[in-house]
J.: 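So that we are looking at the same thing, I have put the structure below in C-alpha cells.
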Number of protein chains: 2
Amino acid sequence: MRRAKEAGPARQEGGGTQSLQRALAVLRLVASHSGRGIRLADVVERSGLTKPTAHRLLQALEQEGFLAQDVASRLYHLGPEAYVIGTLAGDRYGFRRAALPSLARLAAASEDTAFLTIRRDLHGVCLHREEGSFPIRSYVLQAGDRHPLGVGAGSLAILAALPCDEAEELIERNSEELQARYPGFPPSLLRQRVEEARIEGHAFNPGQLYAGSWAVGVAVMGRNGQCEGALSIAAIENRLQPDRRTYLVRLLQQEVAKLTELQERPAGATNIVAQARRLTAN
Amino acid sequence: MRRAKEAGPARQEGGGTQSLQRALAVLRLVASHSGRGIRLADVVERSGLTKPTAHRLLQALEQEGFLAQDVASRLYHLGPEAYVIGTLAGDRYGFRRAALPSLARLAAASEDTAFLTIRRDLHGVCLHREEGSFPIRSYVLQAGDRHPLGVGAGSLAILAALPCDEAEELIERNSEELQARYPGFPPSLLRQRVEEARIEGHAFNPGQLYAGSWAVGVAVMGRNGQCEGALSIAAIENRLQPDRRTYLVRLLQQEVAKLTELQERPAGATNIVAQARRLTAN
DNA sequence: AAATCAAATCCATATTGTGGACCTTTCCCT
DNA sequence: AGGGAAAGGTCCACAATATGGATTTGATTT
C-alpha cells in the first residue's frame, strides 16, 4: 500500500498484514479517546491515513462491533465487541480490577488524582484515572493515553523497575519517537531520571511533560519478579514539595504492598497445556 | 478473496474490509477460548480459513499485542492489548463490573454455577461464569461462548425481554444458523420458549442444549428500558425441579433488582458531544 | 442565502493478501 | 531407539482486494 506521509525509515518487524496494522492502529486511536469519542477528521490527522481509508476502516470496525458511532455527533467510540474481548482478556490480565480499590483510596487520601499505568511493549498506557477532591485538576493524562516508557511518573517507575540492560534497550528503541515527539525528553534525561528513581525508590516527574503538572509514581511488581505496572499521583507543583511528596510516596508504597499480596495466579503454563488437551478436542 | 468453503449465500451487509473481518473473527475465536487457549489447527477448523491465512492472521494479531502465544504449548491467548482496549471500553459498558458481586452471591447461595450473559447483535455472549460449591459442575457454558439469542437460559431471558417484533426479527435472522448448527432449536421452539418466559417472568432451559444441563435465567433491564443482559444459574436436572427452581428464580430476581438500582449513567449523548467539542480540538 | 467544513462515496489502479504445495518440528506408539 | 503421524510453519505465482485523488452529499455557521 502507498504509505501516506510520515512513517519513519522502514517498518522494523517482518512483513505481515499491513491493513490489519492500520485497522488496529485506528482501533487503538479510538480507544485512546475512550469516553470522549473521536471524529473522522481527527483519526485522519493522527493516524496519517487518507480520509477514505480511515473512513473505511472505521466503518468496518463498527460493523464488526468493535466501534460504535454516535449517530448524532458522528463521534466514534469503542463498541460492545471491544468490551467483550477485553472482559475475557481480563481473566488473564486481571491487574486493573485488583488495582481499582487502591486507586480509590489513593485519590481519597491524597485528594489529588491517582493513575494506574501498565507497560505495553515500548509504551506506558494509562488504564485508569481516579480523581480526588482537590478542586484544581490537571487533565494531562487520560485513560488510554500512551507515552514512551519513562515519560510521566508511572511510566518512569515501570522503566526504572526493569533490569538495567532491558531499560537501556527500551530507551534506545524509543529514542526515535522521543526525539520526534517529546522534545523535553532526550534519552540522556531519561537515563538520569531512571537512575534517580532507582536510588529514591520512586519515580518523580517535576512537570517535565506539562509545566506545573508534577507527579510521583511507584512500580508494582508481580510475584514472578516482573513489573506489572505502576501507581502514581499527580498534583500541581506546590502540592508536591518535599514534605508532601514523601507523604504521597508513602501512600503509594502502602497500596503497592497491598496489591503485591493479593496478586493472582499468573495463569500457569503447565496447567493451561493440560486443560487445553482436554478442551480443544471437540 | 476466494471464499474458503462454507459461508452461506452471500454476506448481507455491504462490502467492506474482508481481511479485517477475518482477522477479527480469529480474534473473537481466540477470545471464546479465553483462559484455555487455542491451537492453530483448531482456528483453521473452526474459522474455515486455510492454514497459511489463519497463521498469518494469528501472527499479525500477536505482533500487534492483541494475541499472545505461549511458546511452550503454542497455544494462542488474548494479549495485553486486548485487555487495554477492553478496559477502556469498560468505561462505556461497565455492566460486567457491576454484576460480578451478584454472580458471587448467586453462586454462593445456590451452590451451583452462575452466569452473566449479554446480547451482542444476534447472539448472547457469556461474559462470566462463577462456580458454586456443589461438586457436580457442568462445563457447557464458558466465558466467551456465543449462541444465537434464545439458546440457553440467559440468552433466552434476553430474547424474551425484547419487544415482540424485535424478538421475532432476531429469531428470523438467526434461523439459518439455528437450522445449520442447533438442530435441537428450531425457530418454532424458540418462539414457544419466549412465550413461556414472558408469562413466567423468567427463562427456563430444561437441558435443551446439552441433556442434563438445566438452567434458569432472568433479564436485567437498564433504566432506559433496554435489556442490558441476563443472570442465570445452571445445575443438573434434579437440582432444578419445580420447588428449587422457584427458589433460584427468586435469588436471581433479588440480584437483578440490586443491579437495576445501581445502574450507572448510560453516557448521555448530549454530554458527550459537548465534551468532544472541547477535547478533540488539540 | 451563501459559504465553510466535515462526512461519505466513486472508481481505475497495482499493491496486497491468498492458498496449494512443501518443509520442519514435535509427539506418540511400537 | 526408531518410525510414523500430526501439527506448526513457510514459499511464491496469481489475482482479488484495498487504496486515495477527486467528487458529491450533508450539516453548521456567518
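To find a chain, count down the sequence lines: A is the first, B the second, and so on, and within it residues start at 1.
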J.: Counting side-chain heavy atoms from CB outward, which of D/dG9, D/dA18, C/dT18 is closest to B/Q59?
T.: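 Taking heavy atoms from C-beta onward, the closest nucleotide is D/dG9.
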J.: Could you give the NE2-to-P distance, from B/H55 to C/dT25, as a whole number of Å?
T.: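 Interatomic distance, NE2 of B/H55 to P of C/dT25: 14 Å.
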J.: To the nearest angstrom, how far is B/R22 atom CZ from D/dA16 atom P?
T.: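 It works out to 13 Å between those atoms.
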J.: In whole Å, I'd like the distance from the CZ atom of A/R74 to the C1' atom of C/dC5.
T.: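 These atoms are roughly 14 Å apart.
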J.: Where the side chain of B/P52 is concerned, which of C/dA7, C/dG19, C/dT18 is the nearest nucleotide?
T.: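 It is C/dG19.
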J.: Take the protein atom CZ of B/R46 and the nucleotide atom P of D/dA7, then report the distance between them rounded to whole Å.
T.: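 Result: 14 Å.
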J.: Rounded to the nearest angstrom, tell me the gap between atom CG in A/L49 and atom P in C/dA7.
T.: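 It works out to 14 Å between those atoms.
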J.: Among D/dG8, D/dG20, C/dA8, find the nucleotide with the atom closest to the side chain of A/T50.
T.: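 Within the option list, the nearest is D/dG20.
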J.: What pair of heavy atoms forms the shortest contact from B/E81 to B/F66, and how long is it?
T.: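 Scanning both residues, the minimum pair turns out to be CG-CE1, 3.4 Å.
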J.: Tell me whether the OP1 or OP2 atom of D/dA18 has a side-chain N or O from B/Q18 closer than 4.0 Å.
T.: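 The answer is yes; a side-chain N or O of B/Q18 sits under 4.0 Å from OP1 or OP2.
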J.: Once you round it to whole Å, what is the distance between P of D/dA22 and NZ of A/K51?
T.: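 So the two atoms are 13 Å apart, to the nearest Å.
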J.: With no hydrogens and no angle check, just 3.5 Å: does a side-chain donor-acceptor pair link A/Q59 and A/Y76?
T.: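 A donor-acceptor contact under 3.5 Å links the two side chains.
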J.: For B/L20 and C/dG17, give me the distance from atom CG to atom P, rounded to whole Å.
T.: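 Answer to the nearest Å: 11 Å.
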J.: DNA chain D: A/L57 or B/Y76, which has the more 5' nearest nucleotide?
T.: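 Checking each residue's closest nucleotide, the 5'-ward one belongs to B/Y76.
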J.: Verify the distance criterion only: is there a donor paired with an acceptor across the side chains of B/H33 and B/R46 at less than 3.5 Å?
T.: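 Looking only at side-chain atoms, B/R46 and B/H33 do form a donor-acceptor pair, the distance falling under 3.5 Å.
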J.: Do we get A/R120 above B/Y83's six-membered ring, with its NZ or CZ under 6.0 Å from the centre and within 45° of the axis?
T.: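 No, cation not above the ring by the 6.0 Å, 45° rule.
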J.: Check every atom of C/dG19, C/dT9, D/dA18 against the side chain of B/S19 and return the nucleotide holding the closest atom.
T.: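 Taking heavy atoms from C-beta onward, the closest nucleotide is D/dA18.
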J.: Hey, which of B/R74, B/K51, B/Q69 is the one that makes side chain to side chain contact (heavy atoms under 4.5 Å, CB included) with B/L40?
T.: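 For B/L40, the side chain to side chain contact (heavy atoms under 4.5 Å, CB included) test succeeds with only one of B/R74, B/K51, B/Q69, which is B/K51.
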J.: Counting side-chain heavy atoms from C-beta on, which of D/dT19, C/dG19, D/dA7 comes nearest to B/A41?
T.: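 The nucleotide sitting nearest to the side chain is D/dA7.
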J.: Check whether any side-chain N or O of B/Q69 sits under 4.0 Å from OP1 or OP2 of D/dG9, and answer yes or no.
T.: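 Answer yes for this pair, as a side-chain N or O of B/Q69 is under 4.0 Å from OP1 or OP2.
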J.: Between atom CZ in A/R56 and atom P in C/dA7, what is the gap in whole Å?
T.: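 Checked: the CZ to P distance equals 16 Å.
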J.: Closest to the A/L40 side chain: C/dA7, D/dG9, D/dA18?
T.: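 Output: C/dA7.
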